[in-house]
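Written below as structure tokens is the structure these notes are about.
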Amino acid sequence: MRLLTHNMLSCNIKGVTNGFPLGLEITKREIKEVEFNSDFVRNMFAKIEWKALVNAAKSMGYEELPEEVDSSMLESDEFLKRFHHALLELHLEEGALVCPETGRQFPVVKGIPNMLLNEDEV
């Protein structure tokens with residue numbers, strides 16, 4: 001699961017008001033190279049919750065993203081490449097996503113998160 005996906009998932013258990021961002025429990029992570037596309041990365045910038053991405057990248061062992069950003073940074077190839085790496089090349093292969101409010105764990109197996117809820121959570 002890419003951090004792009006992680007940045008768009010939240011806990012949807014009935015009654016949960018603080019289900020984003022999900023925590024990461026990492027059993028296995030991988031780096032999978034993806035061709036750099038500066039236009040795609042620039043377009044995704046406005047859609048990303050930056051603090052959640054930075055924290056997720058740090059938990060994956062990647063500390064190269066700045067804590068604060070603004071759109072002027074999109075002119076820097078170095079910034080775009082670091083953003084690209086965090087967003088598209090860091091993969092959670094095995095582990096869990098954890099609801100910040102309830103602690104409920106959603107397993108990630110072979111890079112696929114299982115966000116299905118139990119009957120009593122709907």
Qualifying residues under side chain to side chain contact (heavy atoms under 4.5 Å, CB included), relative to [X], sequence neighbours excluded:
| X | value |
| --- | --- |
| V98 | E25, Q105 |
| E101 | V16, T17, N18, C99 |
| E94 | T27, K28, V109, K110 |
| N114 | P107, L116 |

Q.
Suppose the criterion is ring pair (Phe, Tyr, Trp, His ring centres under 6.0 Å): which pairs have a residue in residues 10-42, not counting sequence neighbours?
A. F36-H84

Q) Any side-chain heavy-atom pair from L22 and M115 closer than 4.5 angstrom? A)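 With C-beta onward as the side chain, the pair touches.
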
Q. Would you say F45 and V69 make side-chain contact, with heavy atoms under 4.5 Å?
A.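 Touching, per the 4.5 Å side-chain cut-off.
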
Atom pair [atom1]/[atom2] of [X] and [Y] - distance to nearest 0.5 Å:
| X | Y | atom1 | atom2 | result |
| --- | --- | --- | --- | --- |
| L65 | M73 | CG | CE | 9.0 Å |
| H91 | M1 | NE2 | CE | 10.0 Å |
| E35 | E89 | CD | CD | 11.0 Å |
| L74 | F79 | CG | CZ | 6.0 Å |
| M8 | L4 | CE | CG | 4.5 Å |
| R82 | E63 | CZ | CD | 12.0 Å |

Q: List in chain and number order the residues that pass salt bridge (charged side-chain N to carboxylate O under 4.0 Å, His left out) with R104, two or more places apart in sequence or in another chain; answer none if no residue qualifies.
A: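 Partners of R104 under the salt bridge (charged side-chain N to carboxylate O under 4.0 Å, His left out) test: E121.
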
Q | Residue list, ring pair (Phe, Tyr, Trp, His ring centres under 6.0 Å) with Y62, at least two apart or on another chain | A | H85

Which residues share a side chain to side chain donor-acceptor pair (under 3.5 Å) with [X], sequence neighbours left out:
| X | answer |
| --- | --- |
| E75 | none |
| K58 | E67 |
| D70 | S72 |

Q. When you check the gap from the basic side-chain N to the acidic O, do K32 and E93 get nearer than 4.0 Å?
A. yes

Using every non-hydrogen atom in the two residues, find where [X] and [Y] come nearest and quote the distance to one decimal.
| X | Y | answer |
| --- | --- | --- |
| M60 | L24 | CG-CD1, 4.2 Å |
| G111 | P113 | O-CD, 3.6 Å |
| A86 | A57 | CB-CB, 4.3 Å |

(Q) Can you pull out every side-chain hydrogen bond (donor to acceptor under 3.5 Å, both in side chains) where at least one residue sits in residues 1-12? Sequence neighbours excluded, please. (A) none

(Q) Is there a path of hydrophobic side-chain contacts, each under 4.5 Å between heavy atoms of I/L/V/M/F/W/Y residues, joining L117 to I112? (A)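 No; L117 is not reachable from I112 via cluster members.
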
Listed pairs under 3.5 Å, donor-acceptor, residues 47-56 side chains, sequence neighbours left out:
{"residue": "W50", "atom": "NE1", "partner": "P66", "partner atom": "O", "Å": "2.8"}
{"residue": "N55", "atom": "ND2", "partner": "K51", "partner atom": "O", "Å": "3.4"}

